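First up is the structure itself, then whatever we jot down about it.
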Amino acid sequence: MDVDECITAYSELAEAVFGEKLSSIPFNITGKVKPRFDSAKLQEAVRKVVRSSASDEDLLNDGTERGCRTFVCTAGRETKDIVRLRSYSVPDEPNIRATICQAALATSAATTFFGPVSIGDRTFADGGLGANNPVDEVEGEASNIWCSETGDLKPLVKCFISIGTGNPGKKAFEESMIKFLGQTIVDIATETENTEKKFIARWAKHFDEKRYYRFNVEQGLQNIGLDEYKKKGAMEAATEGYLTHTAQKFRVRDCIQNLRLKQSVYIESFA
């Protein structure tokens, strides 16, 4: 699927999944967390997208070597550890036999929004709890693939691109217990900007040499939640305003030039 097809598919999925809430309260009378949206609708929407180019039962990692390696993050409910579901194999790393549909559901099953997803004997929840900004996971995975013995990834990286979903801004701790548990704790668990700050500190040379790019809308998306699909117009407007700013135009240009050079060097070296 190209980018335009992905945007269309996601828009249709969001409307189908978030069109109707099961409940406005994310927990029941006993205090147990419950999903606010119908997990069956999410499952069917994901299957519909997958069926456009594959089968429901096709494995994410079917043993076929491909030029583009892909992985998604999810959280194992038994240990709360971040787990990587891969479309490829890595020596000395476990391979969880997940279908494309199961992997998509496991990385999308946001706690309080949807129920957990079972793969084999294990259950998984949204990878955003701990890896909402997955740059550290990408760094670790790339090290496993290309320099597992040394872990020295930086000399191998021509361009590192990170795309955010909007700067959430800064908010104080909520005073009431309900808001603290329902909002502040969630914000801490899904934070992205502190991860970004720490990553740039470690990759300062790449940042300085224009080999690291983070594109993230600064203003206009702070109050748009995961389920607010009807605000697509506001998302488009904020993103357009961000990308048409002169500073971002130059950064996009530099990033494209970087990628073009990488492709040229790779092809010449391969030949």
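Small disclaimer: the values here were computed from a predicted structure and weren't measured.
Residue Ile163 is grouped with residue Tyr213 when hydrophobic side chains (ILVMFWY) are merged at heavy-atom distances under 4.5 angstrom, including chains of intermediate members. Side-chain heavy atoms closer than 4.5 Å link hydrophobic residues (I, L, V, M, F, W, Y) into clusters, and following such links, even through other members, never connects Ile7 to Phe18. Under the 4.5 Å side-chain heavy-atom criterion for ILVMFWY residues, no single connected hydrophobic cluster contains both Val217 and Val3. Residues Ile145 and Phe71 share a single hydrophobic cluster, defined by chaining ILVMFWY side chains whose heavy atoms lie under 4.5 Å apart.
Between Leu259 and Lys158 the shortest side-chain heavy-atom distance does not fall below 4.5 Å. Side chains of Lys205 and Phe207 form no contact here, defined as non-hydrogen atoms less than 4.5 Å apart.
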Apply the test side chain to side chain donor-acceptor pair (under 3.5 Å) to residues Gln248 and Arg251: give CA-CA distance (whole Å), side-chain angles for both, the deciding distance (0.1 Å), then the verdict.
-> CA-CA 5 Å; Gln248 298 308 328; Arg251 292 184 69 241; 2.9 Å; yes
Please test Asn61 against Ser89 for side chain to side chain donor-acceptor pair (under 3.5 Å), starting from the C-alpha separation and ending with a verdict.
-> CA-CA 7 Å; Asn61 179 9; Ser89 298; 3.1 Å; yes
Show your working on side chain to side chain contact (heavy atoms under 4.5 Å, CB included) between Val117 and Gln43 and close with a plain yes or no.
-> CA-CA 10 Å; Val117 175; Gln43 187 174 32; over 6 Å; no
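Counting non-hydrogen atoms of neighbouring residues, nucleotides and ligands closer than 6.0 angstrom, the CD atom of Glu5 exceeds 12 such neighbours. More than 12 heavy atoms of other shown residues, nucleotides or ligands fall within 6.0 angstrom of atom CD in Glu78. Around CZ of Arg69, the count of heavy atoms belonging to other residues, nucleotides or ligands within 6.0 Å exceeds 12. Around CD of Glu20, the count of heavy atoms belonging to other residues, nucleotides or ligands within 6.0 Å does not exceed 12. Heavy-atom neighbours of Asp2 CG from other residues, nucleotides or ligands within 6.0 Å: above the threshold of 12. Heavy-atom contacts from other residues, nucleotides or ligands closer than 6.0 Å to CD of Glu240 number 12 or fewer.
For the salt bridge (charged side-chain N to carboxylate O under 4.0 Å, His left out) test, residues two or more places apart in sequence or in another chain that qualify with Arg202 are Asp136, Glu139.
By the 6.0 Å and 45° rule, Arg77 does not stack over the aromatic ring of Phe124.
Within the model, atoms CG of Asn216 and OG of Ser162 stand 7.5 Å from one another, a figure rounded to the nearest 0.5 Å. For the atom pair CD of Glu149 and OG of Ser143, the computed distance is 13.0 Å after rounding to the nearest 0.5 Å. A distance of 10.0 Å separates CG in Leu153 from CG in Asn144, rounded to the nearest 0.5 Å.
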Donor-acceptor pairs under 3.5 Å, side chain of residues 45-52 to any protein atom, not counting sequence neighbours: which ones?
| unit_1 | atom_1 | unit_2 | atom_2 | d |
| --- | --- | --- | --- | --- |
| Arg51 | NE | Asp56 | OD1 | 3.2 |
| Arg51 | NE | Asp56 | OD2 | 3.4 |
| Arg51 | NH1 | Glu44 | OE2 | 3.2 |
| Arg51 | NH2 | Asp56 | OD2 | 3.3 |
| Ser52 | OG | Val49 | O | 2.5 |

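A donor-acceptor pair is defined here as one N or O able to donate and one able to accept, closer than 3.5 Å; such a pair exists between the side chain of Ser87 and the backbone of Thr70. At least one donor-acceptor pair under 3.5 Å links the side chain of Thr74 to the backbone N or O of Ala106. The backbone N or O of Phe114 sits nowhere less than 3.5 Å from a side-chain atom of Ser39 that would complete a donor-acceptor pair.
Counting all heavy atoms, side chain and backbone alike, Val17 lies closest to Leu42 at CG2-CA, 3.6 Å.
Aromatic rings from Tyr212 and Phe160 are positioned such that their centres are separated by under 6.0 Å.
Side-chain contact check for Lys210 and Asn258: no donor-acceptor pair (N or O, by modelled atom type) lies under 3.5 Å. No hydrogens or angles considered: a donor-acceptor pair under 3.5 Å links the side chains of Glu141 and Tyr88.
Ion pairing of Lys230 with Glu15 is absent here, as no side-chain N (NZ or NE/NH1/NH2) approaches a carboxylate O to less than 4.0 Å.
Ring geometry for Phe113 against Phe37 counts as parallel: the plane angle stays under 30°, on a 0 to 90° scale with 60° as the upper cut.
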